[in-house]
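Below: the structure, in structure tokens.
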Amino acid sequence: MPEGHSLHRLARQFDDVFGGQTVLVSSPQGRFSSDAERIDGHQLEHAFAKGKQLFCRFSNDLYLRVHLGLYGAFSFGGDQHFTGASSIGAPRKIGESETGTTSDAESYNGPPAPVGAVRVRIVSEHGWADLRGPTACEVLDHDRVQAHLNKLGPDPLIGSAVRFRAAKGQADIADSETLLEAGHKEFRANLLKTKTPIGVALMNQSVISGVGNIYRAEALFRNRISPALPANELSAQKTRKLWWDIVSVMEDGVRDGKIITTLPEDRDPQGVIWPDNAYYVYQRQGMQCRKCSARISLAEVAARKLYWCPRCQKRPRQRHST
DNA sequence: CTAGCATGATCAC
DNA sequence: TGATCCTGCTAGC
């Protein structure tokens with residue numbers, strides 16, 4: 001599923017294979033038909049992601065906005081000019097990754113008959129993309145897109161996105177670091193605004209965008225932060241460390257197409273990295289902590305499963321003010 | 001076969 | 001806090 005790294009991979013894939021192309025947009029399922037008509041046959045100029053959302057700008061100044069939610073996924077296919085991820089979105093089993101190439105490259109004859117509930121189908125000369133099960137999928141004008149973007153907190157993958165665009169000559173690579181520093185400042189300010197537990201705040205897309213349940217749990221463990229700590233009590237130093245650590249692990253996620261947060265020295269040398277040794281705490285409740293051997297805890301918080309190590313992630317001692 | 005579950009988020013009360 | 005959106009894999013009859 002789609003945490004931020006999946007959406008940024010998706011944006012790259014879209015930009016690579018559809019960018020600058022005239023595309024046919026339809027809704028085999030029918031639910032998107034009236035919106036599809038507004039962009040059908042136009043040029044897809046540019047695709048980008050913020051947090052867990054994908055935006056595509058079309059040549060008639062309209063935008064496609066997609067939010068995959070819990071179930072949404074894209075599948076792709078096409079000829080030899082159209083390679084990359086075969087599927088990006090909700091993994092259907094633990095361990096599914098997002099890398100691979102299309103299988104019909106040799107004998108491409110256009111997209112296959114749609115299978116199941118395909119909300120949107122996008123077709124270019126060289127390939128196609130099918131979208132199923134998104135939480136949100138709509139066509140918007142620029143102002144409404146901006147309103148969505150404004151609601152989202154800083155995206156730790158902004159630097160990754162800028163470097164990708166810079167490689168195409170569409171951005172200045174120096175902006176990467178500048179924007180990440182600005183993101184850190186915004187993140188810090190957002191945390192200071194609330195007493196909400198940091199474990200909940202990290203899932204709030206207006207505080208930081210793109211972090212989901214896995215990155216939330218893993219980033220807190222890697223930084224030895226209790227998920228119960230009020231957000232405004234996280235020190236400036238810890239906040240800085242947390243931000244840059246999230247940047248680092250999520251950039252790895254974009255590169256790998258899967259989430260791996262463990263360091264080599266914390267993995268079982270006998271086992272495979274993926275998926276058995278990929279995480280410190282996520283879905284490891286009752287198992288021994290890789291660092292201290294305490295049993296990993298699990299609690300339901302705000303309708304989501306929260307995993308943490310009760311020994312490594314203790315709250316700092318309360319200081320008496322006497 | 002079906003119920004349960006999943007890396008998400010909104011809305012009503 | 002709970003219902004709902006909505007898809008597909010998996011575990012268990």
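All chains are named by letter (A, B, ...) in the order of the sequence lines, taking the proteins before the strands, and each is independently numbered beginning at 1.
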Using the [atom1] atoms only, state how far [M] lies from [N], rounded to an integer number of Å.
{"N": "C:dA3", "M": "B:dG4", "atom1": "P", "answer": "14 Å"}
{"N": "C:dA11", "M": "B:dT7", "atom1": "P", "answer": "16 Å"}
{"N": "B:dT10", "M": "C:dG8", "atom1": "P", "answer": "23 Å"}
{"N": "B:dC13", "M": "C:dC5", "atom1": "P", "answer": "15 Å"}

A:Leu192 atom CG, neighbour heavy-atom count above 12 within 6.0 Å: yes
Measure the distance from [atom1] on [X] to [atom2] on [N] and round it to the nearest whole Å.
{"X": "A:Asp252", "N": "B:dT7", "atom1": "CG", "atom2": "P", "result": "21 Å"}
{"X": "A:Asn204", "N": "B:dA9", "atom1": "CG", "atom2": "P", "result": "9 Å"}
{"X": "A:Tyr71", "N": "C:dC5", "atom1": "OH", "atom2": "C1'", "result": "6 Å"}
{"X": "A:Arg65", "N": "B:dT10", "atom1": "CZ", "atom2": "P", "result": "9 Å"}
{"X": "A:Ile214", "N": "B:dT7", "atom1": "CD1", "atom2": "P", "result": "7 Å"}
{"X": "A:Lys305", "N": "B:dG4", "atom1": "NZ", "atom2": "P", "result": "13 Å"}
{"X": "A:Leu157", "N": "B:dT7", "atom1": "CG", "atom2": "P", "result": "19 Å"}
{"X": "A:Leu70", "N": "C:dC9", "atom1": "CG", "atom2": "P", "result": "14 Å"}

Sugar-phosphate only, base, or nothing, as touched by A:Gln29 at under 4.0 Å among non-hydrogen atoms: sugar-phosphate
Sugar-phosphate, base or nothing in reach of A:Ala303, heavy atoms under 4.0 Å: nothing
Donor-acceptor pair between A:Lys241 and A:Asn223 side chains, under 3.5 angstrom: yes
No-hydrogen, no-angle side-chain donor-acceptor test under 3.5 Å, A:Asn277 and A:Arg290: yes
Test side-chain hydrogen bond (donor to acceptor under 3.5 Å, both in side chains) applied to A:Arg222 and A:Thr261, A:Asp245, A:Thr262, A:Asp266, the passing residue: A:Asp245
With respect to the phosphate group of [N], does any side-chain polar atom (N or O) of [X] fall under 4.0 Å of OP1 or OP2?
{"X": "A:Tyr282", "N": "B:dT7", "answer": "yes"}
{"X": "A:Arg31", "N": "C:dC6", "answer": "yes"}
{"X": "A:Gln53", "N": "B:dA9", "answer": "no"}
{"X": "A:Lys52", "N": "B:dT7", "answer": "no"}

Closest to side chain of A:Arg132, choosing from C:dG8, B:dT7, C:dC5: C:dG8
A:Phe55 and A:Tyr63 aromatic centres sub-6.0 Å: no
